[in-house]
Structures are given as C-alpha cells and as structure tokens.
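As the structure lists them, so they are numbered: ligands from 1, and atoms in each ligand from 1.
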Amino acid sequence: MDTDVLVVGAGPTGLMLANQLVRRGVSVVVVDRHAGPARETRALGVQARTLEIYAQLGIVDRALALGKRGTGANLWAQGRKTARVPLGEAGRDETPYPYILILGQDDNERIMGERLRELGTSVQWNTELVGLAQDAGGVTATLKLPDGTERTLRAAWVAGCDGARSTVRARCGIAFPGAPYEHVFFVADVAATGGMVPDELNVYFWRQGFHLLFPMRGQDHWRIVGILPRNLRGRNDVKFEDVIPSLRHEAGAGLSFKACTWFSTYRIHHRSAARFRDRRCFLLGDAAHIHSPVGAQGMNTGLQDAYNLAWKLALVVKNHATPALLDSYEEERIPVARRLLNTTDRAFRLVVSDSWLAGIFRTKILARIAAFALSRNGIQRTVFRTVSQTGIRYRKSPLSESPGGLPKGAPRGGDRFPWLRLKFRTDGPIEDSFRKLDDTHFNLIAIGQPAPAAEALGFGDMLRIHAIPADPFNDLELARAQITQPSFYLLRPDGHVGLCGVGLEAEAVKNYISRRLRSGV
Ligand SMILES: Cc1cc2nc3c(=O)[nH]c(=O)nc-3n(C[C@H](O)[C@H](O)[C@H](O)COP(=O)(O)OP(=O)(O)OC[C@H]3O[C@@H](n4cnc5c(N)ncnc54)[C@H](O)[C@@H]3O)c2cc1C
C-alpha cells in the first residue's frame, strides 16, 4: 500500500481533510490537477463552527488576524436603508466566535496549506486523478503526473474532494441530480466608495433582483455579487463596466469605482450526490453537494464534511474501529446537505425571482419582516445557530444515544456539545471547554458525580476523562447551557455527543464505545 488515504483535490475541503488525518497519524497523499493554490477569493464568509475547528487545528489566530469580523448587515430597498441586522449579538454565549469572519477562500486555503506543511505533508500539484479501480483490499488510482506520464498509486481509501465536476464521483458511477438556476450571476472584487455602511454587509434589494456588497480586507475593498441585468443575459463577453449602470441605479449615483481586480460571471447549480460513499471512496464538499451561495455555507459545509469523516477514517486506519463506523459519514452528512439545499433553494428563489410579485416582496416587505423577526431574541438565536452551523446535529444518527432521564432542553445524543467556561479543577483556572477538550480523542465529562477510573473503561489513550468539580461558577455556567446535575456526556472526537445520561456507569460507556467501534451501530 502506498498510502492510507489518497485525497483528490486541494481546495478547502481536501486541505481540511488532509490536515485532520495527518494530525491523527494517518499517512496521506494529496493531489491537485492545478499548478498551485487558487488565486480567486470565491467563498468569503467563514462561519463560527469553522473557526472552532480552526482553533483545534491551531490556525484560528492566523485566520482572525487576516480576516475582518462582520458585525452587521444593512438592508436597502430601492435606494433607502430599511433595516440593520446586528450579526453576532445572539451568538455571544454560543461560541467564542460570535460573528462571520470575512476571509477569502484563497486565504483560507493558504492557511490550511501552511499548517499541512508544518505537519510534514505537501500537496502534489499538477497531478490529476484519471482512473480508479476498487477491490476488497484497496483502491488503485491512476495519476497523470506533471511531465504528462501516468503512474498508479495504491491507497486503502480515497477521498473525492475534487469539486463540482468530481472525477471520483464519475468513476464511482454516483449520480449528481439537480439543475442549474436560470440566472447568470456576476462577482467582482473592487475598490469603491459610496453610501454603503463601511465594514458591514450591505444588501440592496431591487425589483429585478439584488446586489450584495461584502466588506473585504483593506481600505474601501468590496466584493460585489449580483444577478446579471436582463439586457446583458446571453452575452459571454460581459465586463465589469457593463454592470456599473445597474449598480449605480440601486446602490446610489455616488458609487465610485477605483479598481476592479476580479470579475467573473457564473451559473449556479443545486445538486446533491445520490450517495456520499462507494465502498472505499468518499465524496466531500462540492463533489457531494452544490447550492446557491445564499448564507455563505458552501465552503463551510465542505470543511465540516471533512471534520466528520476524518476521525472515523483515522480510527479505522489505525485498526481501532471496523469499517462499519464509516457508514455513519453519509448517514450524518447527507441529511445536512439535503436540508441546506432545500433552505438555500427556497431563500434563493425568493431573492432572484423575476416575477412582479417577488419584486414587490423583496423591496416592500422582506426587509421589514427581517427587521421585525430579528428583533426577537429567540429568532435571532435560531438564525445564528443555523447560519453559523453551530446548530448542526446528528440526533438520528446510529452513533447518537440518549437513554432518557435528561430534561427537555438539555444537550442530547448527536448535538454539538455546548461551549462552556468551566473550572476543571476546584483550585484551577476557568478554562474554555473547546480549548480543553482534545479533538483527537473521545472525551467523557462527568458532572455532579465521580468519574470512573480510566483503567475501568479500558480504552487507553483513546479516551480522556474529566470530572467537573462542584463549584458556584460551574453551577451557573452548566445551568446556562441547561445541563443538569448529575449527568454525563461522552463526546466523539468531533465534539458531538455520542452517549449521555444521568447516572454514569462505566459499563454503559464501555458498551457504547466498543459497539460503535466494532460494529458501527
Ligand atoms: C465565483 C464563485 C463564488 C463563490 N462564492 C461563495 C461564497 O460566497 N460563499 C461560499 O460558501 N461558497 C462560495 N462559492 C463556492 C465555494 O467556492 C465552494 O463551495 C468551495 O470551493 C468548495 O470547496 P471544495 O474543496 O469542495 O472544492 P473546490 O474548491 O472546487 O476544489 C476542488 C479541487 O479539486 C481539484 N481537482 C478537480 N478534479 C481533480 C482531479 N481529477 N484530480 C486532481 N485534482 C482535481 C481542483 O483543481 C480543485 O483545486 C463560490 C464559488 C464560485 C465559483
């Protein structure tokens, strides 16, 4: 075997997967058919859940130093500002990162590529996957090398992180049903001044569509996304100058452009792969699902696919688990992708529809509804959890177990265990739980009761045990997260609850881990 895992594609998804596997001691070959990292910004919004994962990977400080924190969104309709939606207030207790970080995909890829090199692995550029053959013992991949010759590589597993036109998907014969939207979009990175609120997202609704202006790093730098005006549709030589009149019409005559560093037009598809796995091959990121950019979810969803698969694949490669554990990858991630497709599809149709009624809705009603709804704390929190991806949970997964006894509102099997600040020792400091809980291990948290000794459980270094001491500060923090005492939570390495309950019995924890790892159910 040449490598444990062949990662095809060094976009954000492939880089995240490679990092997560390498830091878990798995040997990885990463190939990409491009000559080097992408230069285009493409995705811009990094969600809170991604930042939490970046923190575990040790790259969050680099991302925060380079990015810009999105603090609010301003909604405009027909030239008038109709509402300002604060971003992040509602997430203050949810996550250490209660905002969207505006950081281009190119920067995200650069930071993840640097980290991968620090861990001792580099991307093999100019190397294209052209063939795949699977058998019971592994996968034989045919790679076209930079000099044009071909070589075969034998891998135990293959991860198709190779984007919307995935070769892995095609070679596995997995269908990619869906359709393109009829509209053509444009994206432009510009230096501009005008009436937009600086450093915040500005959304201009108009009868025929919308324009989004995202603040980017540096003075007066903006990313503009919009629908190509009707009179330009059908042309394939559109330049940025051609869309300026419609932009000025909506965002104000005072809008002035100093430079445009990137302009592109594109059609958006919404599609989801029929399966995310074919025996030893997996699909992740855009190879598995593509949808409209509404809500800045695309890149973030691919990164979470990678985080979900990595710990499972690492346990299987290290012979700590049977391959049945890997079935839970698509059982958990297909529902997330399908839900995302449905939500973004509905939102997207509303903002792009050409119909007269939709135009009225966008310019007269939508901003008012949004402003009203988002003034309600409960709605703000739900929206924050959805957009930030901190609310993603796998309650119906075969890996999730909540035997009962916990009150309604308490975290349950499948939920992302909440972010807490706790004293892990009576005389110790208050610590951030996300920094404390090591994501390369299972973590068992005993609350209001003693924890069993590690020897009684017998999982050696795979499991870390934490007994949270009784303490007035801890009591308040646990109550805030609706965690009652006594209770216990067994967390999977990705921070989701595997097993939870009231009374902690060593036997139940032992059974849970050995059943899941040995038979995957
Ligand atoms: C113009 C534009 C604007 C966008 N804006 C946003 C946004 O605002 N927010 C958002 O969330 N998303 C946005 N997206 C989507 C976002 O860019 C994708 O969701 C993201 O790139 C997916 O990452 P990925 O790693 O899964 O795939 P990709 O980034 O597509 O990476 C796939 C990689 O695989 C390589 N590859 C392909 N085939 C092979 C092969 N056979 N052998 C070897 N290598 C191969 C490719 O060279 C590429 O590097 C935008 C996309 C575009 C095009």
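Per-residue contacts place Thr167 under 4.0 angstrom from the following atoms of ligand 1 (heavy atoms of the residue considered): 41 (N).
Heavy atoms of Thr127 approach ligand 1 to within less than 4.0 angstrom. At least one heavy atom of Gly298 sits closer than 4.0 Å to an atom of ligand 1.
Across Met299, Met16, Gln47, Gln105, heavy-atom proximity to atom 21 (O) of ligand 1 is greatest for Gln105. When the heavy atoms of Gly36, Gly163, Gly104, Gly9 are ranked by distance to atom 30 (O) of ligand 1, first place goes to Gly163. Counting heavy atoms only, Leu129 comes closest to atom 42 (N) of ligand 1 of the residues Val7, Leu129, Leu132. Between the choices Cys161, Ala287, Ser166, the shortest heavy-atom distance to atom 32 (C) of ligand 1 belongs to Cys161.
A salt bridge between Asp135 and Arg280 is absent, with no side-chain N of the basic residue lying under 4.0 Å from a carboxylate O of the acidic one. Salt-bridge formation is detected for the pair Glu52/Arg49: a Lys NZ or Arg NE/NH1/NH2 atom is positioned less than 4.0 Å from an Asp or Glu carboxylate oxygen.
Backbone and side-chain nitrogen or oxygen atoms of Gly14 are examined, and none is located within less than 3.5 angstrom of a nitrogen or oxygen of ligand 1.
For the salt bridge (Lys or Arg N to Asp or Glu O under 4.0 Å) with Glu332, the qualifying choice from Arg393, Lys396, Arg492 is Arg492, the only one to do so.
Contact annotation for Val8 and ligand 1: only side-chain heavy atoms (C-beta onward) come within less than 4.0 Å of the ligand.
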